[in-house]
Engineer: 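After the structure tokens below, expect a handful of questions from me.
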Amino acid sequence: MRNIFLFIRRYSTFLLFILLQLFSIYLIVTYNKYHQSVFSNTANQYTGKINTQYNKIENYFNLKRTNDSLVKVNERLYNTLKQDFQLPDTASKIVVDSIRVDSLLKFRRYNYLQATVVANSVSNQNNYIAIGRGKNQQLKVGMGVIDASNGVVGIVSEVSDDFSVLISLLHKKDSRISSKLFKGGEIGTVTWNGNQPNILQLTGIPKSAKVAKGDSVVTSGYSTYFPKGIMVGIVTEVTSEKSTNNFAINIKSTADFYNLQYVYVIDNLQKAAINDLLNKAEKKSQ
Amino acid sequence: MSTLVKNSIRFILFILIQVFVLDSIHLHKLATPYLYLLFIIWLPFRMNRSWQLLIAFIFGFTLDAFRHSFGFHTAACVLMAYIRPYFINLLIPQQGIDSNYEEPSIKSMGGFTPYFIFISALTIIHHSWLFLLEAWQVGNSWYFLAKTFLSTAISLLLIIITELLFTRKQKFKTNTI
């Protein structure tokens, strides 16, 4: 017994070093997509506050660029207005007398919530984005996020009271977005190999598909995170994998991760209903 | 200024500079400079080794909290703080000089060359451990090597510039009055 104490006393520094290293590696391994660690909630709240202060200053330098992107969004929205289209007056119209003001309200599936980016990184292998909107402002874990140019940015992975953290598309370990080729409709998965920011990988597209440089890649709508048809990127390089029956496709992301100021969080109002059904089906088959 | 106050100010300054200035630099989409490890390099000679480890742990943890990826910088900082005393013993010119000066600098290490070897060894150890943990695999080793060496070069350049810009006045302490 005495020897054990002597040993611990003699190698206390080394033992402390091993302990701290193991704890750090434990943190790396366990801190994944939906793991809400004990301290991360508090830590996010504090770092979020400091980031917001800094962001107030930084925002001024990007005002011009933000303005430009907002003008572009406005242009796109103006072009989808009903008054831009004129149909010949042949359709008959049924007038329904009802009190409900917005008759489509109960059919609404997606709701968009705006948020400011308070912290962002592109230099790591696993990048996270912090936004200044949290639990108290209707955000929940598992919501999809797009940017002003209508490109996929990431998925909310953690919410604290007033801030949330997203898994960016540039997250090597956990970023998987179900996507399809806009032209052919083949379904694949968008991932990131950790090398170049803004260049993502599309996997799972069979060699029978017709893919060319410049094709659009959009969300498939099969996941509950994003509506169908939101831009993910544009194909820049197509090579055929020798060992498998698939193409290896590089795409350039639509969202500019170097310059994110404002994002829109997508709330899927039917998510709970869909997931309930899926769970029931899974239970039945077991 | 007492050692505690000085190091507390350094702690905050290095974290802020790293998070808000240097992390947004991403040269050739490959290398990011790391200046914050200078805090650990500058810790006093005569500090308890266990305390050094714990301070490095807290320091790395704070930086990780800002990056939302817990563990990476913590592990690299702790490793660096553990290895630091061995290099000091190896590179210090004569016995007892570490009791005459407070912390490592060009003057207290006895010239530019030993100090440069000291900081470059620690920087390489820090960077390679950090990037190895980030890559989480040994595959694609050319990319890993390129990233490590480019980042080390830029970090070292920044560290030397910092040393030249902010000269720390080091008093020669002696017990023979």
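Order of the sequence lines fixes the chain letters, A, B, ..., with proteins taken first and strands second; residue numbering starts at 1 for each chain. These numbers come from the heavy atoms of this one structure, side chains and all, not from hydrogens, waters or symmetry mates.
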Engineer: Pick one of side chain, backbone, both or neither for A/Ser123, based on which atoms fall under 4.5 Å of a heavy atom in chain B.
Structural biologist: both
Engineer: Are B/Phe61 and A/Ser24 close enough that some pair of their side-chain heavy atoms sits under 4.5 Å apart?
Structural biologist: no
Engineer: Strictly less than 4.5 Å between heavy atoms, which residues of residues 11-22 of chain A line up against chain B? Please order them by number.
Structural biologist: A/Thr13, A/Phe14, A/Leu16, A/Phe17, A/Leu20, A/Gln21
Engineer: Mind jotting down which residue pairs meet the side chain to side chain donor-acceptor pair (under 3.5 Å) criterion with at least one end in residues 50-63 of chain B? Sequence neighbours excluded, please.
Structural biologist: none
Engineer: Counting heavy-atom pairs closer than 4.5 Å to chain B, which one of A/Asn127, A/Ile129, A/Ile50 comes out on top?
Structural biologist: A/Ile50
Engineer: Any chance you could measure B/Lys147, atom NZ, to A/Asn195, atom CG, to the nearest 0.5 Å?
Structural biologist: 8.5 Å
Engineer: Identify every side-chain donor-acceptor pair in residues 111-127 of chain B under 3.5 Å, counting partners at least two apart or on other chains, and give the distances.
Structural biologist:
| unit_1 | atom_1 | unit_2 | atom_2 | d |
| --- | --- | --- | --- | --- |
| B/Tyr115 | OH | B/Trp42 | NE1 | 3.4 |
| B/Tyr115 | OH | B/Glu163 | OE2 | 2.3 |
| B/Ser120 | OG | B/Phe116 | O | 2.6 |
| B/Ser120 | OG | B/Ile117 | O | 3.2 |
| B/Thr123 | OG1 | B/Ile119 | O | 2.5 |
| B/His126 | NE2 | B/Tyr36 | OH | 2.5 |
| B/His127 | ND1 | B/Thr123 | O | 3.1 |
| B/His127 | NE2 | B/Ser155 | OG | 2.9 |

Engineer: Let me check something: any side-chain donor-acceptor pairs from residues 73-81 of chain B under 3.5 Å, sequence neighbours excluded? List them with distances.
Structural biologist:
| unit_1 | atom_1 | unit_2 | atom_2 | d |
| --- | --- | --- | --- | --- |
| B/His73 | ND1 | B/Asp64 | OD1 | 2.9 |
| B/Thr74 | OG1 | B/Asp64 | OD2 | 2.6 |

Engineer: Within the supplied structure, the quantity of interest is the number of heavy atoms (other residues, nucleotides, ligands) at a distance under 6.0 Å from B/Phe149 CZ; does it exceed 12?
Structural biologist: no
Engineer: With a 4.5 angstrom heavy-atom cut-off, is it the side chain or the backbone of A/Asn120 that approaches chain B, or both, or neither?
Structural biologist: neither
Engineer: Please classify the contact between B/Phe20 and chain A as side chain, backbone, both or neither, with a heavy-atom cut-off of under 4.5 Å.
Structural biologist: both
